[in-house]
Participant: 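Below you will find the structure I want to go over with you.
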There are 2 protein chains.
Amino acid sequence: MTRSRQPTSRDVAALAGVSVATVSYVMNGRTDRRIPAETRDRVLEAAGRLAYAPNRSARSLRNRRTEQVCLVVGSIGVPAYDQLAQDIHDRADDAGYGVLTIVVNSPARAAKAVELLQQRIADGAVIAPDIRFLDGAELTGLARGGLPMVVMSNTAPPDGFDVVRAPQTPACDAAFDHLFATGRRRVAFVGHRYEVDDPSTSERLTAYLAALGRHDAEPDPSLVVTGADDRVAAYHAVTALLDRPDPPDAVFAASARAGVSAIWAARDAGADVPGELAVVGAGNLPESLITRPALSTVGPATEDDFTEVARLLFDRIDAGVPERGRELSDPWAFHPRGSS
Amino acid sequence: MTRSRQPTSRDVAALAGVSVATVSYVMNGRTDRRIPAETRDRVLEAAGRLAYAPNRSARSLRNRRTEQVCLVVGSIGVPAYDQLAQDIHDRADDAGYGVLTIVVNSPARAAKAVELLQQRIADGAVIAPDIRFLDGAELTGLARGGLPMVVMSNTAPPDGFDVVRAPQTPACDAAFDHLFATGRRRVAFVGHRYEVDDPSTSERLTAYLAALGRHDAEPDPSLVVTGADDRVAAYHAVTALLDRPDPPDAVFAASARAGVSAIWAARDAGADVPGELAVVGAGNLPESLITRPALSTVGPATEDDFTEVARLLFDRIDAGVPERGRELSDPWAFHPRGSS
DNA sequence: CTGTTAGCGCTTTCAG
DNA sequence: CTGAAAGCGCTAACAG
């Protein structure tokens with residue numbers, strides 16, 4: 001069965017015939033301590049034979065650092081976060097840090113994540129933009145507790161942490177104006193469940209409603225549907241919309257994946273895009289360029305790139321928690337392509 | 001700037017006028033210790049005022065448990081792992097555990113992950129199936145070091161850990177036999193980069209090559225291409241294949257996403273599916289049912305469900321590391337649909 | 001019912 | 001150049 005106990009530095013020291021201090025020096029490769037090669041080798045050999053690995057909890061407790069950063073995301077399998085994770089990982093590797101990812105997709109898990117962060121499971125954290133279960137106050141609380149953070153949010157003030165913003169409203173305004181300017185009157189909105197449930201939480205839906213007013217279009221609540229959360233739901237939502245006696249002449253999809261599905265739904269229904277149905281998606285998805293026609297989107301001005309977020313995090317870890325944080329902004333743009 | 005120091009149980013004890021032991025008892029809600037409500041409230045109030053959170057490293061060191069499990073995956077943004085992560089999270093929540101996700105997509109990160117696991121960053125781990133950078137020996141080493149694990153692998157023997165298998169070969173054989181039986185002679189293989197680089201690592205590609213032999217089909221190396229790693233690459237790969245003077249009459253895509261892209265590419269190229277091109281994908285993706293025609297696949301017999309994996313992990317954590325682990329198997333099946 | 005105290009395994013002064 | 005010893009923050013015997 002299981003080996004009785006993990007080997008400790010004491011075991012290694014005993015086997016190598018040195019003290020635990022020497023083991024520590026050798027294991028950490030400290031150059032300020034001049035350890036003779038012979039001693040060093042003896043220690044390393046003993047460590048190897050015992051398969052010794054310094055206990056992380058003990059080390060963190062003593063050093064008062066975990067050498068881990070935490071990436072808090074709202075879901076996985078969302079394209080933009082893959083890139084975010086990638087960029088954080090790359091930077092962390094350089095800094096000798098590990099990356100722990102915590103998925104927060106319910107209030108309970110949000111509470112748990114805050115607790116873990118407060119308990120110093122990591123030396124710093126990135127809070128991804130789709131966390132709806134954490135408000136600014138909680139984050140400020142964490143920051144005041146001494147945790148370096150960068151928060152991706154369009155609303156939270158940089159109170160104790162850095163914030164990077166990606167304002168969506170101007171781009172959405174441009175997209176809706178474009179749709180109305182080109183004669184669309186019945187614009188449907190295919191949103192995420194959370195935003196349709198509570199429009200005030202969504203820049204996109206807010207922009208949609210404002211555009212309706214601005215262009216004297218009659219709001220039709222039945223044109224606001226969910227489906228942006230996944231491809232299949234979006235396909236069905238748009239199919240149903242097109243199947244109505246009074247179908248929309250444009251669809252704004254709150255994700256790029258939903259936009260792609262919308263184009264496919266239209267094609268399968270025999271509706272010409274953009275002739276009979278204009279489609280706009282939200283987000284940056286390489287697939288937007290291979291649909292027929294190419295999908296118009298609102299999204300980041302350039303390709304997804306979060307290296308700046310990663311840089312900010314490690315700067316923040318080095319510098320400590322600020323009174324007021326830095327604020328970066330990278331507004332979305334409207335990228336008209338073939339579908340609108 | 002940053003608050004001088006995190007509050008400790010000593011600080012709380014001082015403020016509440018009790019000892020650290022009492023603080024510990026109260027914070028852990030221990031019912032075997034009968035603490036009067038008045039004392040309890042005083043402690044809780046002091047803790048609240050100081051925003052005290054017990055330090056996780058100290059607690060783990062003392063308890064010899066981290067109350068975390070680690071999910072080691074090869075990449076994120078892959079549909080099946082979203083479900084895996086979901087199921088692990090659900091089970092962990094029930095058990096009061098946290099979930100740390102580590103992404104291993106290079107040999108260096110594999111080494112780092114092993115190191116962290118060895119250092120007892122978690123009380124148990126699930127190793128997802130697409131980790132090509134960890135071999136059975138390393139995993140057995142970890143297990144012998146006392147780490148409860150469940151490994152999703154079709155090859156690693158259950159040596160010190162439980163293993164869950166999803167054998168693909170019979171389903172692939174059936175799919176290829178079906179393609180050849182229905183008259184396909186030029187079957188292309190759109191694979192992941194790693195498998196095309198080293199066919200011996202892939203059940204799918206091995207099955208493909210065997211089927212070629214079994215059906216006296218001339219192997220054409222130019223029909224084996226990469227692209228299964230992402231939708232856009234797959235689209236381009238299939239478009240290029242169809243653009244050849246001697247296009248294939250069938251495509252086996254090593255992922256379901258690639259299979260979906262293949263159907264799109266064919267439609268955009270004006271090639272009838274399945275008339276001119278049969279398409280089979282690998283994996284279980286709900287989208288398979290909404291393509292036109294529906295995508296035939298090889299994949300799990302039923303919907304993705306990893307609750308059993310999660311159960312196994314927590315059983316293993318309770319029971320300790322075994323000499324020889326349990327072995328579960330859930331073979332893939334061929335699901336013929338419209339596209340083949 | 002509550003406090004004192006001995007570690008968990010590690011790093012690091014400080015002496016030798 | 002190496003070792004003894006203190007202590008990171010917490011929990012749990014054990015004593016009062």
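No experiment lies behind these values; they were computed from the predicted model shown. In what follows, every chain begins at residue 1, and chains take the letters A, B, ... in the order their sequences are listed.
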Participant: Measure from CD on B:Glu38 to P on C:dC1 and round the result to the nearest Å.
Facilitator: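 From B:Glu38 CD to C:dC1 P: 13 Å.
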Participant: Can you tell me how far apart CG (B:Asp330) and CZ (B:Phe306) are? Round to the nearest 0.5 Å.
Facilitator: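 Interatomic distance, B:Asp330 CG to B:Phe306 CZ, rounded to 0.5 Å: 9.0 Å.
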Participant: Inspect the contact between A:Asp93 and B:Arg109 and indicate whether a charged nitrogen and a carboxylate oxygen are less than 4.0 angstrom apart.
Facilitator: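 Looking at B:Arg109 and A:Asp93, the cut-off is met.
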Participant: State the CG-CG distance between B:Asp11 and B:Leu50, to the nearest 0.5 angstrom.
Facilitator: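 The CG atom of B:Leu50 is 6.5 Å from CG of B:Asp11, to the nearest 0.5 Å.
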Participant: Round to a whole Å and report the spacing from CG of B:Asn55 to P of D:dG7.
Facilitator: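 Between P of D:dG7 and CG of B:Asn55: 18 Å.
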Participant: Which one, C:dC1, D:dC8, D:dC1, comes nearest to the side chain of A:Leu61?
Facilitator: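 Selected nucleotide (nearest to the side chain): D:dC8.
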Participant: Checking B:Thr66 against B:Asp123: is there a side-chain donor and acceptor pair closer than 3.5 Å?
Facilitator: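 B:Thr66 and B:Asp123 do have a side-chain donor-acceptor pair below 3.5 Å.
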Participant: Measure the spacing between OG of B:Ser60 and CG of A:Leu61 and express it to the nearest 0.5 Å.
Facilitator: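 The distance works out to 10.0 Å.
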Participant: Select base, sugar-phosphate, or nothing to describe what B:Thr39 touches, counting heavy atoms under 4.0 Å on all strands.
Facilitator: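 If one applies the 4.0 Å heavy-atom cut-off, B:Thr39 turns out to touch the sugar-phosphate alone, with no base involved.
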Participant: Under 4.0 Å between a side-chain N or O of B:Asn28 and OP1 or OP2 of D:dT11?
Facilitator: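 For D:dT11, OP1 or OP2 has a side-chain N or O of B:Asn28 closer than 4.0 Å.
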Participant: How many angstroms lie between NE2 in B:His192 and OG1 in B:Thr201, if you round to the nearest 0.5 Å?
Facilitator: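 The NE2 atom of B:His192 sits 11.0 Å away from the OG1 atom of B:Thr201.
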Participant: What I want to find out is whether B:Glu45 reaches B:Arg42 closely enough, with some N-O distance under 4.0 Å, to be called a salt bridge.
Facilitator: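 No, B:Glu45 and B:Arg42 are not salt-bridged.
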Participant: I'd like a list of close polar pairs between nucleotides 3-5 of chain D and the protein, N/O only, cut-off under 3.5 Å.
Facilitator:
unit_1: D:dG3; atom_1: OP2; unit_2: A:Ser19; atom_2: N; d: 2.8
unit_1: D:dG3; atom_1: OP2; unit_2: A:Ser19; atom_2: OG; d: 3.3
unit_1: D:dG3; atom_1: OP2; unit_2: A:Thr22; atom_2: OG1; d: 2.9

Participant: Atom OH of A:Tyr52 to atom C1' of C:dG9: distance rounded to whole Å?
Facilitator: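 Nearest whole value for this atom pair: 7 Å.
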Participant: Measuring from B:Phe133:CZ to B:Glu138:CD, what's the distance to the nearest 0.5 Å?
Facilitator: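 Answer rounded to 0.5 Å: 12.0 Å.
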Participant: What is the distance, rounded to the nearest whole Å, between atom CD1 of A:Ile35 and atom C1' of C:dT11?
Facilitator: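 In whole Å, C:dT11 C1' lies 13 Å from A:Ile35 CD1.
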Participant: When the axes are fitted on five pairs at both termini, how much does the helix from C:dC1-D:dG16 to C:dG16-D:dC1 curve, in 10° steps?
Facilitator: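 Result, rounded to 10 degrees: 50°.
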Participant: May I ask you to decide whether B:Asp87 forms a salt bridge with B:Arg91, counting only side-chain N to carboxylate O separations under 4.0 Å?
Facilitator: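 B:Arg91 and B:Asp87: not salt-bridged.
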Participant: Measure the distance from CZ on A:Arg64 to C1' on C:dG9 and round it to the nearest whole Å.
Facilitator: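 Nearest whole value for this atom pair: 16 Å.
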Participant: So, does A:Ser9 get its side chain near the phosphate of C:dG9, meaning an N or O under 4.0 Å from OP1 or OP2?
Facilitator: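 Result: no.
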Participant: Between C:dT11, D:dT2, D:dG9, spot the one nearest the side chain of A:Arg59, thanks.
Facilitator: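 Minimum distance to the A:Arg59 side chain belongs to C:dT11.
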Participant: I need the CZ-C1' distance between B:Arg10 and D:dC8, as an integer number of Å.
Facilitator: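 Answer to the nearest Å: 10 Å.
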Participant: Without decimals, in angstroms, what is the distance between B:Gln118 CD and C:dG9 C1'?
Facilitator: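 Interatomic distance, CD of B:Gln118 to C1' of C:dG9: 16 Å.
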Participant: Between A:Arg62 and B:Arg62, which residue's closest nucleotide on DNA chain C lies nearer the 5′ terminus?
Facilitator: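 Its nucleotide being nearer the 5' end, the pick is B:Arg62.
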Participant: Contact class for A:Ser24 (heavy atom, under 4.0 Å): base, sugar-phosphate, or nothing?
Facilitator: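 Base, at least one base atom sits under 4.0 Å.
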Participant: For the side chain of A:Asp162 and the backbone of A:Arg326, is there at least one donor-acceptor N/O pair under 3.5 Å apart?
Facilitator: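 Yes, the answer is positive, given that a donor and an acceptor are paired below the 3.5 Å cut-off.
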Participant: Taking atom P of D:dG9 as reference, at what distance in whole Å does atom CD of A:Gln119 sit?
Facilitator: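 To the nearest whole Å, that distance equals 15 Å.
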